[in-house]
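Chain identifiers are assigned alphabetically (A, B, ...) following the order of the sequence lines, protein sequences preceding nucleic acid strands; residue numbering begins at 1 within each chain. Everything quoted here is computed from the prediction, not taken from an experiment.
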2 protein chains.
Amino acid sequence: MTQPSEPIPLSPEARSAALPLHDQDPSERADAARNRVKLLEAAAALIQERGAEHLTMDAVAAAACVGKGTVFRRFGDRAGLLLAVLDRTEREFQDAFMFGPPPLGPGADPIARLDAFGIASLRHLLDNMNLYLESDRQAASRYAAPPRNVRARHLSLLLGQAGVDGDLELLAQTLLGTLDATFVHHMLTGRGSTAQQLEAGWSDVVARITHRC
Amino acid sequence: MTQPSEPIPLSPEARSAALPLHDQDPSERADAARNRVKLLEAAAALIQERGAEHLTMDAVAAAACVGKGTVFRRFGDRAGLLLAVLDRTEREFQDAFMFGPPPLGPGADPIARLDAFGIASLRHLLDNMNLYLESDRQAASRYAAPPRNVRARHLSLLLGQAGVDGDLELLAQTLLGTLDATFVHHMLTGRGSTAQQLEAGWSDVVARITHRC
DNA sequence: ACTTGAACCGGACTACGGTCCGCTCAGATT
DNA sequence: AATCTGAGCGGACCGTAGTCCGGTTCAAGT
């Protein structure tokens, strides 16, 4: 892990480079780009009206008036498509915690930022629960997915700033476990937890991990 | 959650009742029981020779000379079959941490037991990695699966005995995140962690969660 | 404008998980 | 022993993710 430490306030160009979600590739052919847009719109519409859990690749292809192969060529697999649909929302959230106003964004005490991150993350998750659930369920390894990676790096950074030592990535992943879509869903439905309890739980875990006795 | 608190040394009958993995149901018809055995043997053999990730339900049915419907009737779905294959190993491990000798079993200091649990769990996981990975990947919700539940209850118990307060189930699940098959696999392969680092990480997380400053 | 070849496209095809339903037979009852 | 009934069984069937390949179209170079 020899990545340059990431300066907090970033120029616009560096900002978009820091967001690893698919930017429109300029070398992409015009027809391909057109189809990507058609597909994303079709997928979003279908999700809106039938729910993410009922989204099929055939339906997306048909709704976009495009062959099935094209869907897979553009997005790789179902997880990729779902991720692409989440992209806009995801970017907004990433912007908020990386560049937005404190306490979520830079400027506040790292522990306050950690706290705020959990709360914001849980709310963001609840707003898009089905999509994140589905994306999790589908992904080969949720740990390799861009959203999780960005969050993990962010948490590692904050933990470092908070003076925590140890395996920061492992601690970050441990924290992230508390915000995992499937886990949150399990706690809310399987067990009868409330969102408030999860938020309180997050703060508690953060306090313990950061060792603030 | 109004379950009777679980006394630690248990009579043999109570012990097997405490293990929620499928015991042979006495009301099961003889032919059904025969088929279950045939299927489990076939599945185990196929996994042995081709790997769990290549196990298909059709292949199991064919190898056991049984209709496909029978496989699903017996085990519900692929996750159930994999879980059943893991059953024996899983029981041994559960026995070890619930009833075996200290520091893993009862008798030792709860924090020492937590430490030992992580180490033993990681080793047990590494010994059966593919099977657990596959079982995770398949399961509708890994949080609802019996193995995870047993572990979660166990950890809650130990946390309580260690005098930790707060949402014990949430803390237990947070700890379990560190031992999740997919996560461990990701840390070992995706990132270049070693088993030693994961064991050290576990101890560190336990120390932080149990608030031992 | 024309050529060219690489990127793209479509939809038939495969593989696999899971369901369904009519038939069979184990084992309880008399 | 004869009867009965519902658990058990098999395998055809379905839906969906993902692959493949022959034909098509874009756009760069001339």
Heteroatom pairs (N/O) under 3.5 angstrom, protein to nucleotides 24-30 of chain C:
unit_1: C/dG27; atom_1: OP1; unit_2: B/Ala30; atom_2: N; d: 3.0

Can you give me the N/O atom pairs linking the protein to nucleotides 15-23 of chain D at distances under 3.5 Å, or say none if there are none?
unit_1: D/dA17; atom_1: OP2; unit_2: A/Met57; atom_2: N; d: 3.0
unit_1: D/dA17; atom_1: N7; unit_2: A/Lys68; atom_2: NZ; d: 3.1
unit_1: D/dG18; atom_1: OP2; unit_2: A/Arg78; atom_2: N; d: 3.0
unit_1: D/dG18; atom_1: N7; unit_2: A/Lys68; atom_2: NZ; d: 3.2
unit_1: D/dG18; atom_1: O6; unit_2: A/Lys68; atom_2: NZ; d: 2.7

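Following rounding to the nearest Å, B/Phe75 (CZ) and C/dT19 (C1') show an atom-to-atom distance of 18 Å. Remark: P of C/dC16 and CG of B/Leu81 are 15 Å apart, rounded to the nearest angstrom. In this structure, NZ of B/Lys38 is placed 13 Å from C1' of D/dG8, rounded to the nearest angstrom.
In terms of the side-chain contact (heavy atoms from CB on, under 4.5 Å) criterion, residue partners of B/Ala96 (sequence neighbours excluded) are, by chain and number, B/Leu104. Remark: B/Ser121 pairs with no residue by the side chain to side chain donor-acceptor pair (under 3.5 Å) rule, at least two apart or across chains. Take B/Asp31 and apply the side chain to side chain donor-acceptor pair (under 3.5 Å) test, not counting sequence neighbours, and it matches B/Arg29. Applying the side chain to side chain donor-acceptor pair (under 3.5 Å) criterion to B/Thr70, with sequence neighbours excluded, gives no partner residue.
Applying the salt bridge (Lys or Arg N to Asp or Glu O under 4.0 Å) rule to pairs touching residues 38-52 of chain A yields nothing, sequence neighbours excluded. Listed by first and then second residue, the side chain to side chain donor-acceptor pair (under 3.5 Å) pairs that reach into residues 122-134 of chain A are A/Arg78-A/Glu134, A/Glu90-A/Tyr132, A/Arg123-A/Glu199, A/His124-A/Tyr132, A/Glu134-A/Arg137, sequence neighbours excluded. Legend: ring-ring contact (aromatic ring centres under 6.0 Å, His included) pairs involving residues 60-91 of chain A, not counting sequence neighbours: none detected. Listed by first then second residue, pairs satisfying ring-ring contact (aromatic ring centres under 6.0 Å, His included) with a partner in residues 134-160 of chain B read A/Phe183-B/Tyr143, A/His186-B/Tyr143, B/Phe97-B/His154, B/Phe117-B/His154, not counting sequence neighbours. Residue pairs meeting the side chain to side chain donor-acceptor pair (under 3.5 Å) criterion with at least one partner in residues 52-61 of chain B, sequence neighbours excluded, are B/Asp58-B/Lys68.
Interface residues of residues 39-46 of chain B facing DNA chain C, ordered by number: none; criterion, heavy-atom separation under 4.0 Å.
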